[in-house]
Student: 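Mind looking over this structure? Questions follow.
Only this structure's heavy atoms are used, side chains among them; waters, hydrogens and symmetry mates stay out.
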Amino acid sequence: SGVCNALSLEIKASPKVRAFVGEQALLKCSFKSSSPITESLQVDWTYRPLTGGQMETIFHYQSVPHPTTGGRFKDRIFWVGNVANGDASIAILSPVLSDNGTFICSVKNPPDVYHNIPQTVLVVTERGLAFQLSSAALLSILVFLPSALVVILLLVRMGRKFRVLKEKGKCGYKKSSIEVSDEPEPSDTAGCGGKLKQWCLNCVDTDEEDPY
């Protein structure tokens, strides 16, 4: 029973936090304790650089915040938590690339002093670098964009051609109607009369042209 009570303090922290140079970085940490929150509660934040090395305490809280008075985080760490709500978060002002590393949030609320040890990896980058495209993404865009433009142009051209053919079809239909009404086809009788008339004319021409 005593072991279960000792392990009843649970801590949660973001496994990875991204931040930009010069902009505030928030390191979230929350906890749950089976014991009532008292003035004996302690919060400690420790840090290990990305290049490795020993862990160093950069922040301590007990009733009031106690930021570090030296080192790389001097005057740059602020308490933004609220222990009454189970919040033990801190903020880092003006982060730099050398701040990249592992942060550990530790909470002790006697008699609950044992807990899990979640780690938060801070990744600080230049804001401009965050918007740079990888070579693969850039290649995909260079290949996809021209293809998309060609497809769009083809669709537009096909649409215009379809409209032109449609208009021509309408005009052709109207013209055929007019031609049928204005120029009716000659009947078989008119055709025979025309042929007879032409034959007579040929006979007259022949008689005038033959010498006596």
Side-chain angles (χ1 to χ4, degrees), residues 1-138 140-141:
S1 176
V3 174
C4 293
N5 290 334
L7 297 177
S8 59
L9 197 153
E10 181 184 5
I11 300 176
K12 294 182 179 180
S14 302
K16 190 173 186 178
V17 173
R18 294 185 178 275
F20 298 110
V21 173
E23 300 181 19
Q24 178 176 297
L26 177 62
L27 302 182
K28 294 183 178 181
C29 177
S30 61
F31 64 91
K32 291 182 179 180
S33 177
S34 61
S35 301
I37 304 299
T38 66
E39 294 182 354
S40 300
L41 183 140
Q42 299 180 26
V43 176
D44 287 291
W45 279 88
T46 53
Y47 165 78
R48 182 172 57 214
L50 183 64
T51 54
Q54 296 293 326
M55 299 292 295
E56 58 177 305
T57 300
I58 59 174
F59 185 87
H60 176 73
Y61 176 93
Q62 186 172 5
S63 299
V64 293
H66 299 280
T68 181
T69 57
R72 72 178 71 210
F73 295 105
K74 180 182 179 180
D75 299 328
R76 292 200 295 130
I77 295 184
F78 290 84
W79 174 254
V80 294
N82 185 337
V83 294
N85 296 330
D87 189 354
S89 304
I90 59 173
I92 301 177
L93 297 183
S94 302
V96 294
L97 296 178
S98 59
D99 291 340
N100 287 335
T102 303
F103 295 77
I104 295 178
C105 174
S106 174
V107 181
K108 296 179 180 180
N109 184 39
D112 296 338
V113 294
Y114 297 100
H115 55 76
N116 57 316
I117 306 177
Q119 298 184 355
T120 298
V121 176
L122 176 65
V123 180
V124 181
T125 59
E126 295 282 356
R127 176 167 283 278
L129 295 178
F131 294 97
Q132 289 183 354
L133 297 175
S134 64
S135 57
L138 182 60
S140 299
I141 292 177

Student: Is there side-chain contact between L122 and I92, with at least one heavy-atom pair below 4.5 Å?
Tutor: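 In short, these two side chains touch, coming nearer than 4.5 Å.
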Student: Side chains of V21 and R127: closer than 4.5 Å at any heavy-atom pair?
Tutor: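 Not touching, per the 4.5 Å side-chain cut-off.
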Student: Between the main-chain N or O of I11 and the side-chain N or O of N116, is there a donor-acceptor pair closer than 3.5 Å?
Tutor: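 Yes; judged by distance alone, with no hydrogens or angles, the pair exists.
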Student: Can you confirm whether C29 sits close enough to F103 that some side-chain heavy atom of one is under 4.5 Å from a side-chain heavy atom of the other?
Tutor: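 No, every pair of side-chain atoms sits at 4.5 Å or beyond.
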Student: Measuring only between side-chain heavy atoms, which start at C-beta, is F31 closer than 4.5 Å to L41?
Tutor: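 A side-chain contact exists here, since the closest heavy-atom pair is under 4.5 Å.
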Student: Please find the pair of heavy atoms, one from N109 and one from S35, that lie closest to each other, and give the distance.
Tutor: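 In terms of heavy atoms, the two residues are closest at ND2-O, 3.2 Å.
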Student: When you compare the side chain of S106 with that of H115, does any pair of heavy atoms fall below 4.5 Å?
Tutor: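 The answer is yes; the side chains approach within 4.5 Å.
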Student: Can you find a heavy atom in the side chain of F78 that is under 4.5 Å from one in the side chain of P67?
Tutor: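 Heavy-atom side-chain distance check fails, nothing below 4.5 Å.
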Student: Can you see whether D44 engages T57 through a side-chain donor-acceptor pair at a distance of less than 3.5 angstrom?
Tutor: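 T57 and D44 do not have a side-chain donor-acceptor pair below 3.5 Å.
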Student: So, N85 side chain and D87 main chain: donor-acceptor pair closer than 3.5 Å or not?
Tutor: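 No; zero donor-acceptor contacts below 3.5 Å.
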Student: To the nearest 0.5 Å, what is the distance between CD1 (I58) and OG1 (T46)?
Tutor: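 The CD1 atom of I58 sits 7.5 Å away from the OG1 atom of T46.
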Student: Does any part of the side chain of V124, heavy atoms only, come nearer than 4.5 Å to the side chain of V96, both counted from C-beta?
Tutor: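 No; the side chains remain at least 4.5 Å from each other.
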Student: Pairs of donor and acceptor atoms involving the side chains of residues 68-76, under 3.5 Å and at least two apart or interchain, shall be tabulated with distances.
Tutor:
unit_1	atom_1	unit_2	atom_2	d
T68	OG1	G70	N	3.4
T68	OG1	G70	O	2.9
R72	NH1	S98	O	2.6
R76	NE	R72	O	3.2
R76	NH1	L93	O	3.1
R76	NH1	S94	O	3.0
R76	NH1	D99	OD2	2.9
R76	NH2	R72	O	2.9
R76	NH2	D99	OD1	3.0
R76	NH2	D99	OD2	3.1

Student: V43 versus W79: any side-chain heavy-atom pair under 4.5 Å?
Tutor: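 Of all side-chain heavy-atom pairs linking W79 with V43, at least one is under 4.5 Å.
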Student: Atom CD in Q119, atom CD1 in I117: separation rounded to 0.5 Å?
Tutor: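 So the gap between those two atoms works out to 8.0 Å.
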